[in-house]
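One structure is given below, encoded as structure tokens.
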Amino acid sequence: MLKHIRVWNEHLRVHPYGLTFFAFLVAAGITGAGCTLFARGFEFVIHHQINLEQAGPWVWFIVPVAILAAAELISRMAPQASGTGIPQTIFLSRHGTLLKEKNLYPLFAPRTIVIKVVAIYIGLWAGASTGREGPTVHVAAGL
């Protein structure tokens, strides 16, 4: 086992793209795992949405309050998390340079991504209609 690690280490050190390729593989693995967890959470929340049978007449109070709470969470804590996330990611791909990194960081900060995910889950639980693709793109870009 140690011999294989030494061979890979030497190969990565000598190859012109070795370390970069390894970094991209690690980043892809983290991104894939994070997006998979997000998708599984999304499906879990959809299968456990609040409905009239569960909440009875309270559903008329719970649903609007939960959706309002999700919207306020984004509005107050991370306004950069609003929208689908695809326009933010396209903007970053076109304008993301090291000189602008400090200005673009709030769009993809961990806080922004966590608040987006939590707000989406709250809204879905309450019955809001949202797609998974746009937020998944935003989560992937944040990761």
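Heavy atoms only: backbone and side chains are in, while hydrogens, waters and symmetry mates are out. We count residues from 1, following the sequence as given. Computed from a predicted model, the values in this text were never measured in an experiment.
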Can you name the residues that form a side-chain contact (heavy atoms from CB on, under 4.5 Å) with [X], not counting sequence neighbours?
| X | answer |
| --- | --- |
| Val65 | Phe61 |
| Ile46 | Phe42, Leu124 |
| Thr31 | Cys35, Ala140, Leu143 |

Which heavy atom in [X] sits nearest to a heavy atom in [Y], and how many Å separate them?
| X | Y | result |
| --- | --- | --- |
| Trp125 | Val45 | N-CG1, 3.4 Å |
| Met77 | Pro79 | C-CD, 3.9 Å |
| Ala70 | Ile122 | CB-CG2, 4.0 Å |

Query raised in the report: Which residue pairs pass the ring pair (Phe, Tyr, Trp, His ring centres under 6.0 Å) test with at least one member in residues 69-88, sequence neighbours excluded?
Result: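 Non-adjacent pairs meeting ring pair (Phe, Tyr, Trp, His ring centres under 6.0 Å): zero.
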Query raised in the report: If you look only at pairs with a residue in residues 66-86, which of them pass as a ring pair (Phe, Tyr, Trp, His ring centres under 6.0 Å), with sequence neighbours excluded?
Result: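 Residue pairs passing ring pair (Phe, Tyr, Trp, His ring centres under 6.0 Å), neighbours aside: none found.
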**Report entry** Residues that Glu43 engages under side-chain hydrogen bond (donor to acceptor under 3.5 Å, both in side chains), provided they are two or more places apart
**Finding:**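 Expected list: Arg132.
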Query raised in the report: What residues, two or more places apart in sequence or in another chain, satisfy ring pair (Phe, Tyr, Trp, His ring centres under 6.0 Å) together with Phe91?
Result: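 With sequence neighbours excluded, Phe91 shows a ring pair (Phe, Tyr, Trp, His ring centres under 6.0 Å) to His95, given in chain and number order.
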Report task. Verify the cluster assignment for Ile67 and Ile62: are they in a single hydrophobic cluster under the rule of side-chain heavy atoms below 4.5 Å apart? Result ->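 Yes: a chain of side-chain contacts under 4.5 Å links Ile67 to Ile62.
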Query raised in the report: Should side-chain heavy atoms under 4.5 Å link Ile, Leu, Val, Met, Phe, Trp and Tyr, which residues sit in the same cluster as Ile90?
Result: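 Traced through the cluster, Ile90 reaches Ile86, Val137.
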Query - Linked hydrophobic residues, Phe24 as query - side chain contacts closer than 4.5 Å - result: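 Its cluster mates, by chain and number: none.
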Which pairs would a plain distance check flag for residues 114-121, meaning a side-chain donor or acceptor within less than 3.5 Å of a matching protein atom at least two apart in sequence or in another chain?
residue, atom, partner, partner atom, Å
Lys116, NZ, Ala81, O, 2.8
Lys116, NZ, Gly83, O, 2.7
Lys116, NZ, His138, ND1, 3.3
Tyr121, OH, Phe38, O, 2.9

Query raised in the report: Excluding sequence neighbours, so at least two apart, what forms salt bridge (Lys or Arg N to Asp or Glu O under 4.0 Å) with Arg76?
Result: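 Counting only residues at least two positions away or on another chain, Arg76 forms a salt bridge (Lys or Arg N to Asp or Glu O under 4.0 Å) with Glu72.
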Report task. Verify, without hydrogens or angle tests, whether Thr112 (side chain) and Phe108 (backbone) share a donor-acceptor contact under 3.5 angstrom. Result ->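 No.
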Query raised in the report: Is there a donor-acceptor pair closer than 3.5 Å between any side-chain N or O of Gln80 and the backbone N or O of Leu104?
Result: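 Side chain of Gln80 to backbone of Leu104, a donor-acceptor pair under 3.5 Å: no, none is there.
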Requested in this report: Could you list all the salt bridge (charged side-chain N to carboxylate O under 4.0 Å, His left out) pairs where at least one residue sits in residues 45-63, not counting sequence neighbours?
Outcome: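 Matches after skipping sequence neighbours: none remain.
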Query raised in the report: Out of curiosity, Ile113 CD1 to Leu107 CG, how far, rounded to the nearest 0.5 Å?
Result: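 Nearest 0.5 Å value for the CD1-CG distance: 9.0 Å.
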